[in-house]
Amino acid sequence: MRFFRESWIFLIVSVSIYIILKAFFAFNVISPYIQQICLYAVIVALTSLGLNVIYGYTGQFSLGHAAFYGIGAYTSAYLTKVLSIDGVIPFIPVLVFCGLVSGLVGYLIGIPILRLRDDFLAIATLGFGTLVRVFLDNSDKFAESLGGSRGFVGIPRITNLELVFFFLIFVIIITRNLIHSRYGLFWRCIKDDELAATSVGINTANMKLMAFTYGCMLAGIGGALYANLYSFLHPSNFDILRSIDFLIIVIIGGMGSIMGTIYASIIWVGFIEGLRIVLPAQVLDMRWVVIPILLIALMIWRPYGLMSKRRKV
Amino acid sequence: MDILGYVLQQGINGLQLGAVYALIALGYTMVYGVLRLINFAHGDIFMLGAFVAYFLIAKFGIPIYLVFIITMLACAIAGYLIEKIAYKPLRDAPKISLLITAVGVSLFLEYFLSLNAIFTPNYIAFPRPFDVKGYDLAVFTITNVQVLIFIITFISLFLLYLLIYRTNYGRAMRAVSHDKETAALMGIGIDGIISFTFIVGASLAGVGGILYSIAYPQINVFMGIMPGIKSFIAAVLGGIGIIHGAVIGGLIIGICEVFVSAFLSSTFRDGVIFIILFGVLLFKPSGIFGKRIEKV
Amino acid sequence: MKILDVRNLEKSFGGVKAVDQISFHIEEGEVFSIIGPNGAGKTTMFNLITGLYRPDDGRIFFIDRDITKTPTYMLAHLGIARTFQNMRLFGSLTVLENVLSSLLSKRTYNLFSAVMRTKRFAVSEKAAEEKARKFIDFFGLSGKEDYTASSLSYGEQRRLELARALSTEPRLMLIDEPGAGMNPKEIADLAETIKAIRQRYSVTIAIIEHQMNLVMNISDRIMVMDFGEKIMEGTPEEVKKDKRVIEAYLGEEMD
Amino acid sequence: MLLNVQAITVNYGAISALRGVTLGAEQGELVSVIGANGAGKTTLLKTISGIIRPAKGNIEFDGNDITRQRPEKIVKSGIVMVPEGRRIFPDLTVKENLELGAYTLKDRHLKKNLFELVLTTFPRLKERLRQHGGTLSGGEQQMLAMGRALMGDPRLLLLDEPSMGLSPIITREIFGLIELIRKEKNISIILVEQNAHMALEHSQRAYVLENGEIVMDGPSSEIKHNPKIIDAYLGV
């Protein structure tokens, strides 16, 4: 099938990385804690890739990505707990379902708000994020097991290396194929000049919605994998700060670069979690003091993203 | 209890909250006017005002009118520095870069001040400079705190009105927010006016911070986030860039919030505010007082 | 045959009538120019025809089809293309991608084909690219396919915009001030290019232009606008002689 | 020379909008710059008034180098520009628009005198002082823009397309007023126009700008009889 044939180099590299990681995991070269961080990094990469499609490629600034991540996480947590799923194979349809749920919510919310631009879209997505947060905080009023502001406990641990790896590779290929097709071209046109895009015959409303829905789907899958990795969820995991996490990754990785996003996710998670291991708790509080400074410096130094090419004038 | 009295009572409480939102919203709307930027750090200036006032009252026992003056000054300096350090270098950068920078400034202020060596992330009790007294006006009661808030807000608005509509600086601000290039051709120093706008907006947020803390005497480094966002929504509701729009928007948001808490549940109040936001953005994006602007 | 028929079109902005009860039509195959002072409502007229503005009143027909409420992107598929006064290229995209954007916006292959890389995908992409190169070549931009649009010179950007518009294979092409910022020599080349477009692609052309020598050289008919109103319509000869036009637009003859 | 522009070059990215443009204006002289749309006329005026910085060359005004000064400094030194399309502030009243013009002046007495002068020069504005700028007609807006510029007590006025979008009658009126301002106040004026007829009629000297370069200059009376100019700009 052409789908795989065109990506064989990528597949070989991925499989090699998988074998190395698997060996590390199997022979306990790295501690279970670090193993978990590795899986987490892959999940973050998958989710950030979604935001990169929305923002990096299509130019739709979203400050609510964590909300879709959260919707996926809570959906998966609820389903796996209620259906008492504990195997990888029955978990896969749940993952897909969670992606579809987040995508559907993204689609419905996207119809009205994607008409907005730049900072107004930012505030609208931020508002949606807050709404989801309010909902999660009160979720125990709808279903006791969702836990509300106490958090969701006792989620089966299912997420493993094979699962996250398989999904990431699958998603990278799909995303790459989309980006290098007419749809990706339209997204980039919209980012450059929406008015010109409609004038050459691109249905911009549909295309923006498509990018947004797809990005939210990835967030949903990422959230589901996350829920069944840590077995505990709390509404505060899905607030504005988490949205900013994803945003920083997309910016560092260079807007509109798939591999950049993957590298940036790994570096970012490694950086944050690495600091947690290296630094004492008191100094650790400094993280969120230093990160904004770096972010501001980055914006002033290179307003188009770190790994993006310098714009030729 | 008599329903009408209860509704009126909640209305007064809503106005109290709304007055504070109005003070913050003015800063958003003025900065948006001159820079087309949602200054995410503005809510944190409000928080800073509360903390400066806390130190002045709790540690130094300074009289209340001096507290207002010093706090406004401190917030003005903070606003000025934020603009000069973080926003000015990005004057020609893409809009979103500026927005991300604003988010960065906001996070920095919150987490820097939450360090244990500075303010700590915990809630601190705010020492009220006077005891709360209620005056029974037959149908409802009004407290001296509310009276103070109404008076201070009214004076601030009046002074701001004079500044904007009766002085050279105010005229220049309006000119800059309408058309920077032509304003420059009139000999108006654009950078100076932008700094001035930040200074005025930050001072008002500082006043808002003190009043809010007197009314709800618990302060915390993250206290600026939600009032900040809600005040921005107030500014959008009234029509961003429009001074009286921010005031009316602030009052409406304040009343809505209090009514939702009183008649529904306090956990839903944030949700309702955002539903208002969606409503405005979808049906009248230019706000109550805004004019319709066409694309192209 | 009337390719475009505009009837009693009206549009105001904040109480000012930008287009005031204007009616005109364009015949298939002709070059139709709109002239008039800045602010006369010429670009507003183009924006109304291409659906970027909704008229307050009046109707627009394109080959017997009412397009008054048709969305902009649909008009491109129906056969109306345009360029912009201040050029709106996709600056960070390459020359080739700029032209491909309009070619691929037609129904070519679906989402499934894109994701699965089916044969249909490969065939359509290849066909579109070949076609795009022909347009790029026609406008003398071959060799620059992989340059970003923003790195081109002013004149090249103007030509790329024409290439992008023409590649939608329109029946009617609206060109907004193509001669802006060009010297007399470039204007002369532009006139040749427009004539060539018309001949080779048998497309009807509507132009907004200030450069009188260009307008008089290429137009079959001219409409003169001022303050949102139509002053007159006629052949270049008629327009040159019309008293109202001389007064309102061309200015009095010097003595 | 009151104003002396020496070989300025202005680039927008890779494109040069002006290439080595040299021009000057004497005290009390009306100089016109004619050229096609996009030839760089507006860029030239914006460069003189400090909105755009030239890549090369320098600009002297009254013996002082003003090349890299900020626009507000340049206004203070006495160069005021009336931008293309008037650009009055529509939500401000006519009076406020005029007061903004005197933003750099501190002397109350002078401001008052200027205000009187503007109202006598443009009596139509007097009737409309309390109206919002946006409610004026095109010609009145042009008068307001010129009055606003005069409020800055200029020694050199830069006019960008004052006839744009105006009917011939109003255009004639505006040009009459331009002449009046020049004569009565001995102000130098640089006039940029697409309407070459009017510009050449009223100016003493003229420059022809093509594609960012001055291709011809001299007394207006000569330029308007130059066959090339008749062909390119006056023809029809």
Side-chain angles (χ1 to χ4, degrees), chain A residues 1-8 53 56-59 170-211 213-214 217 254-257 304-305 308-313, chain C residues 46-47 50-52 71-84 87-94 96-122 124-125 128 147-151 161 164-165 167-170 174:
Chain A
M1 204 158 94
R2 220 175 272 269
F3 178 78
F4 288 111
R5 204 166 62 209
E6 288 190 2
S7 341
W8 62 274
V53 169
Y57 283 100
T58 319
F170 190 67
V171 160
I172 288 177
I173 295 176
I174 291 181
T175 309
R176 205 210 45 195
N177 286 357
L178 276 176
I179 294 302
H180 295 287
S181 75
R182 59 197 285 248
Y183 300 99
L185 180 64
F186 298 161
W187 292 340
R188 286 157 59 221
C189 289
I190 289 169
K191 188 186 178 193
D192 260 20
D193 190 332
E194 201 175 322
L195 202 87
T198 100
S199 295
V200 298
I202 298 169
N203 185 345
T204 51
N206 263 357
M207 284 301 125
K208 286 198 287 186
L209 199 54
M210 184 176 150
T213 306
Y214 179 67
M217 268 175 66
M255 292 168 221
S257 159
Y304 294 91
S308 69
K309 283 168 266 169
R310 238 176 226 285
R311 276 184 43 134
K312 281 177 277 178
V313 188
Chain C
F46 269 19
N47 287 341
T50 53
L52 295 178
T72 305
Y73 77 92
M74 283 282 286
L75 293 172
H77 297 304
L78 288 178
I80 302 180
R82 78 171 289 181
T83 68
F84 292 88
M87 285 191 286
R88 304 188 76 129
L89 290 169
F90 305 118
S92 69
L93 270 57
T94 65
L96 183 64
E97 286 170 331
N98 265 279
V99 179
L100 277 175
S101 67
S102 56
L103 283 170
L104 288 172
S105 76
K106 303 220 162 114
R107 235 173 242 285
T108 39
Y109 54 86
N110 62 17
L111 195 57
F112 178 80
S113 293
V115 172
M116 288 317 203
R117 300 268 130 140
T118 60
K119 195 165 175 206
R120 169 126 199 226
F121 166 84
S124 311
E125 282 273 327
Y147 285 51
T148 58
S150 59
S151 70
E161 210 194 9
R164 189 182 68 184
S167 68
T168 61
E169 298 183 313
L174 309 175

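All values below come from the heavy atoms of this structure, side chains included, with hydrogens, waters and symmetry mates left out. Each chain gets a letter, A, B and so on, in the order the sequences are listed, and its residues count up from 1.
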*Who passes side-chain hydrogen bond (donor to acceptor under 3.5 Å, both in side chains) against A:Ser199, sequence neighbours left out?*
none
Structural part of [X] lying under 4.5 Å from a heavy atom of chain A:
X: C:Glu125; value: side chain
X: C:Leu100; value: both
X: C:Thr168; value: side chain

*C:Tyr73: what forms a ring-ring contact (aromatic ring centres under 6.0 Å, His included) with it, not counting sequence neighbours?*
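Residues passing ring-ring contact (aromatic ring centres under 6.0 Å, His included) with C:Tyr73: none at all.
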*Quick one: which of A:Asn203, A:Ile202, A:Thr204 has the most heavy-atom pairs under 4.5 Å with chain C, could you say?*
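Heavy-atom pairs under 4.5 Å are most numerous for A:Asn203.
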*Under a 4.5 Å heavy-atom cutoff, which of A:Cys189, A:Ala205, A:Ala197, A:Ala196 has the most pairs with chain C?*
A:Cys189
*Cation over ring, C:Arg120 on C:Phe112, under 6.0 Å and within 45°?*
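C:Arg120 over C:Phe112 ring: no.
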Could you tell me whether the side chain of [X] and the main chain of [Y] form a donor-acceptor pair under 3.5 Å?
X: A:Tyr57; Y: A:Gly256; value: yes
X: C:Glu161; Y: C:Phe84; value: yes
X: A:Asp192; Y: C:Gly91; value: yes

*Can you name the residues of residues 75-83 of chain C that have some heavy atom under 4.5 Å away from a heavy atom in chain A?*
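So far as heavy atoms go, C:Ala76, C:His77, C:Arg82 are the residues that approach chain A to under 4.5 Å.
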Just list the side-chain donor-acceptor pairs under 3.5 Å for residues 180-187 of chain A, sequence neighbours left out, or say none.
from     : atom 1 : to       : atom 2 : distance (Å)
A:Ser181 : OG     : A:Leu178 : O      : 2.7
A:Ser181 : OG     : A:Tyr183 : N      : 3.1
A:Arg182 : NE     : C:Leu104 : O      : 2.9
A:Arg182 : NE     : C:Thr108 : OG1    : 3.0
A:Arg182 : NH1    : C:Tyr109 : O      : 2.5
A:Arg182 : NH2    : C:Leu104 : O      : 3.0
A:Arg182 : NH2    : C:Lys106 : O      : 2.9
A:Tyr183 : OH     : C:Tyr109 : O      : 3.4
A:Tyr183 : OH     : C:Leu111 : N      : 3.1
A:Trp187 : NE1    : A:Met207 : O      : 3.1

*Testing C:Ser102, C:Ser105, C:Ser101 for side chain to side chain contact (heavy atoms under 4.5 Å, CB included) with C:Ser167, which one passes?*
C:Ser102
